[in-house]
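Written out below as structure tokens is the structure these notes cover.
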Amino acid sequence: MYAQVINTGSDRVRRIDEMSAEEQAFMERIENGEKIEPKEWMPEGYRKTLIRQIGQHAHSEVVGQLPEGNWITRAPTLERKAILLAKVQDEAGHGLYLYCAAETLGVSRDELIELLNSGKMKYSSIFNYPTLNWADIGAVGWLVDGAAIMNQVPLQRTSYGPYSRAMIRICKEESFHQRQGYDIMMKMCAGSPEQKAMAQDALNRFWYPALMMFGPSDKDSVHSAQSMAWKIKINTNDELRQKFVDQTVPQAEYLGLTVPDEHLKWNEERGAYDFSEPDWSEFFDVIAGNGPCNKERLGARVKAWDDGAWFREGLAVNAQKKQTKQRKQA
Ligand code: 3HC
């Protein structure tokens, strides 16, 4: 089954005359804003699209722990260390809510992890970039969690009930993450000239990868149209990218930092910023596995999975023993 949730290729929005009566009734529910729940009828494509998106999202939360976990032992103060530790733990929790939401669609967590570990399923491109110094932890919280929130707030209204409910909790925690990142940036920018230069350098390196998090431009997005018809996605990739730029540029100005885009300009007519697109060839290269840290990230996940095998086996044996005991007592 799960081979079918990856590499789905280009989606074509289904026309009403192609739909069975069941599918038409389903679409009516979607259009009325009803939530779809696990045991209810849903088109196969809807289920697969959700498994793909929720699975990739869960993997992103888990892989996203790596670039920040790398700085827990080197955080500059005890307070910063405690905050970072809490944030990284939150990301593990987000991964768990999302794997659970995916499980309600008939795929197990082990199957999804196997797809991640074998490189068959994606996770967010952003986590294939390195965190070189402490300012990067600020930039990740500010920009990466900021972009994640921009994408995930609308997903609280996604049509699949368990995903929508997971997103409500996740968004609350992501707001704290974004604030802690911005707080680091404020401290760095109010510090020595060297610290401010580190903050600028972090912004320079994370700006375009953060813009890439929203996915390819709308003309190249293969899933958006059908996902939006199913209200799995609420906005297009470009809409959210624009909102992110409009929200983030004033925040950079407040810090006294310069967004690394010479074409960035407020467009009075549109009431929005004009900005440069990221280098899409770099994006496609990174999601094909050739980013600066892809091998390191996947290697770390595979090692963690292999190292934890004894524990999972122990749990399974213990659960089996309990079941046998309960059966004997019954
Ligand atoms: N990184 C990796 N792959 C990406 C990507 C990105 N930034 N953006 C798009 N892609 C992939 C898609 O998965 C798809 O590949 P596939 O067909 O093999 O599955 C392909 O590129 C084409 O893109 P589409 O626009 O057609 O794909 P979607 O309609 O799925 O849109 C998305 C992409 C906007 C990322 C959407 O899937 C989405 O909203 N996902 C939920 C949010 C999510 O996954 N966020 C992860 C961010 S990190 C995070 O939350 C951790 C936090 O702690 C910071």
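Whatever order the structure lists ligands and atoms in, that order sets their numbers, starting from 1.
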_Side chain, backbone, both or neither: the part of His177 lying under 4.0 Å from ligand 1 by heavy atom_ = neither
*Purely on distance, is any nitrogen or oxygen of Val222 under 3.5 Å from one on ligand 1?*
yes
*Report yes if some N/O of Asp220 lies less than 3.5 Å from some N/O of ligand 1; otherwise report no.*
no
*Heavy-atom nearest option to atom 8 (N) of ligand 1, drawn from Gly55, Gly215, Ser217*: Gly215
*Hey, does Pro216 sit under 4.0 Å from ligand 1 if you only count heavy atoms?*
yes
*Side chain, backbone, both or neither: which part of Leu240 comes within less than 4.0 Å of ligand 1 when only heavy atoms are counted?*
neither
*For ligand 1, does Arg52 get within less than 4.0 Å through its side chain, its backbone, both, or neither, judged by non-hydrogen atoms?*
side chain
*Where does Val286 meet ligand 1, judged by heavy-atom distances below 4.0 Å: at the side chain, the backbone, both, or neither?*
neither
*From the candidates Ile54, Asp145, Thr49, Leu143, the one that places a heavy atom nearest atom 54 (C) of ligand 1*: Asp145
*Applying salt bridge (Lys or Arg N to Asp or Glu O under 4.0 Å), run through Arg205 and Asp201 and close with a yes or a no.*
CA-CA 6 Å; Arg205 283 180 290 105; Asp201 173 55; 3.0 Å; yes
*Which of the atoms in ligand 1, numbered in the order shown and given with their element, are less than 4.0 Å from a heavy-atom of Ala148?*
50 (O), 54 (C)
_contact_flag Val140 ligand 1 heavy-atom lt 4.0 Å_ = no
*Mind checking whether Phe214 contacts ligand 1 via backbone (N, CA, C, O), side chain (CB onward), both or neither, at a 4.0 Å heavy-atom cut-off?*
backbone
_With nothing but distance in play, are any N or O atoms of Ser125 less than 3.5 Å from an N or O of ligand 1?_
yes
